[in-house]
Amino acid sequence: QWEKALELFDDLQQRGLDPGIITYNALISACEVGERYVEARTVLFYALCRGFFPGLSLKPGALDLHDLSTPVARTVVRAALDDLRGRSQDGGLQTPLSAAGNFAIITGRGSHSDGGEPIHRPAIESLLDDEYRQLRWSQHPRNPGRLVVEGTSLRAWSASKGAAR
């Protein structure tokens, strides 16, 4: 369905219509489901340039995903890690590291989710395990809504040229 979603998006633009946040969320979600990560990232940056996803927060050493849908959160984490590795083709997010070189991904504890269960954390843990196996990460010992990617593994991963995610 990602092809149809991109077609509709292009059609909206050709007609001079400006898509809204729901359209961007749906398009990124369709690209995620179709494993079209480059397209998802392109749509993300297109939306960011137009002022969408204002809740996306990059703090020194931390990426806060609280106000994002899960597909957008996954796309943002991929974009941030690509930035940290120096593989951004589009200017990227300019992802900052902490003074220690660690990178925190704030997924939330689930306090604001139905049933109090975290939504982003399992999706981001799965993303890290499946696509970024070289990175060492852990759940923060005092904050279950924060995943920390170790700076030493980030540096080694960034230094490895041509290696897969």
Side-chain angles (χ1 to χ4, degrees), residues 21 24-25 27-29 31-113 115-165:
I21 190 73
Y24 286 111
N25 263 308
L27 187 52
I28 291 169
S29 181
C31 290
E32 273 283 324
V33 168
E35 297 181 358
R36 303 303 296 193
Y37 307 129
V38 172
E39 290 85 348
R41 181 186 169 107
T42 299
V43 173
L44 170 69
F45 284 106
Y46 198 78
L48 289 172
C49 288
R50 282 159 183 69
F52 292 101
F53 305 116
L56 174 59
S57 176
L58 282 167
K59 304 168 187 170
L63 175 65
D64 190 339
L65 306 175
H66 271 102
D67 294 333
L68 304 175
S69 68
T70 299
V72 172
R74 287 174 57 93
T75 299
V76 166
V77 169
R78 276 193 196 92
L81 290 172
D82 286 348
D83 287 353
L84 289 170
R85 192 158 195 194
R87 289 192 171 176
S88 285
Q89 303 296 317
D90 50 22
L93 296 172
Q94 287 91 42
T95 308
L97 291 174
S98 70
N102 295 330
F103 180 59
I105 303 168
I106 303 167
T107 62
R109 303 174 193 209
S111 302
H112 303 290
S113 301
E117 292 296 317
I119 295 171
H120 290 340
R121 189 178 71 214
I124 301 305
E125 288 174 342
S126 175
L127 173 72
L128 293 171
D129 284 344
D130 295 344
E131 297 181 31
Y132 296 92
R133 292 189 257 317
Q134 299 95 332
L135 297 177
R136 287 189 313 273
W137 63 274
S138 60
Q139 190 176 80
H140 190 279
R142 293 180 306 282
N143 184 345
R146 179 182 283 250
L147 305 176
V148 180
V149 180
E150 295 176 20
T152 54
S153 74
L154 272 172
R155 285 187 294 280
W157 178 67
S158 292
S160 63
K161 300 290 182 198
R165 284 187 182 161

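Counting begins at 1 with the first residue of the sequence.
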Original post:
Ring centres of Tyr132 and Trp137 under 6.0 Å apart?
Top reply: no
**OP:** Could you grab the distance from atom NE2 of His140 to atom CG of Asn102, nearest 0.5 Å is fine?
**Re:** 9.5 Å
Subject >> Reported CG-to-CZ distance for the pair Leu128 and Arg78, which is rounded to 0.5 angstrom >> reply: 10.0 Å
Subject >> Closest non-hydrogen atom pair between Thr70 and Ala123, with its separation >> reply: CG2-CB, 3.4 Å
Subject >> Name of the residue among Val72, Ile119, Leu147, Ile105 meeting side-chain contact (heavy atoms from CB on, under 4.5 Å) with Leu65 >> reply: Ile105
Original post:
Picking from Leu135, Val77, Leu63, what satisfies side-chain contact (heavy atoms from CB on, under 4.5 Å) with Phe103?
Top reply: Leu63
Subject >> Considering all heavy atoms, the nearest Ile21-Phe53 contact >> reply: CD1-CE2, 3.4 Å
**OP:** Identify the two heavy atoms, one from Glu125 and one from Gln139, that lie closest to each other, and give their separation to 0.1 Å.
**Re:** OE2-NE2, 4.0 Å
Original post:
Can you name the salt bridge (charged side-chain N to carboxylate O under 4.0 Å, His left out) partners of Arg136, sequence neighbours left out?
Top reply: Glu150
Original post:
Roughly how far, to the nearest 0.5 Å, is CD1 of Ile124 from CG of Asp129?
Top reply: 11.5 Å
Original post:
Considering all heavy atoms of both residues, which atom of Ile28 and which atom of Val43 are nearest to each other, and what is their separation?
Top reply: CG1-CG1, 3.7 Å
Original post:
What pairs meet the salt bridge (charged side-chain N to carboxylate O under 4.0 Å, His left out) rule with one or both residues in residues 138-147, with sequence neighbours excluded?
Top reply: none
**OP:** Locate the shortest heavy-atom distance separating Glu32 from Pro71; write the atom from each residue and the value.
**Re:** CG-O, 3.7 Å
Subject >> Residue pair Asn143 / Ile106, side-chain heavy-atom distance below 4.5 Å >> reply: no
**OP:** Output all residues satisfying salt bridge (charged side-chain N to carboxylate O under 4.0 Å, His left out) with Glu39, sequence neighbours left out; order by chain, then residue number.
**Re:** Arg36
**OP:** Taking all non-hydrogen atoms of both residues into account, name the closest pair between Asn25 and Ser69 and its distance.
**Re:** OD1-OG, 2.8 Å
Subject >> Polar side-chain atom of Ser126 near backbone of Pro122 as donor-acceptor pair, under 3.5 Å >> reply: no
Original post:
Any side-chain donor paired with an acceptor under 3.5 Å for Tyr37 and Arg41?
Top reply: no
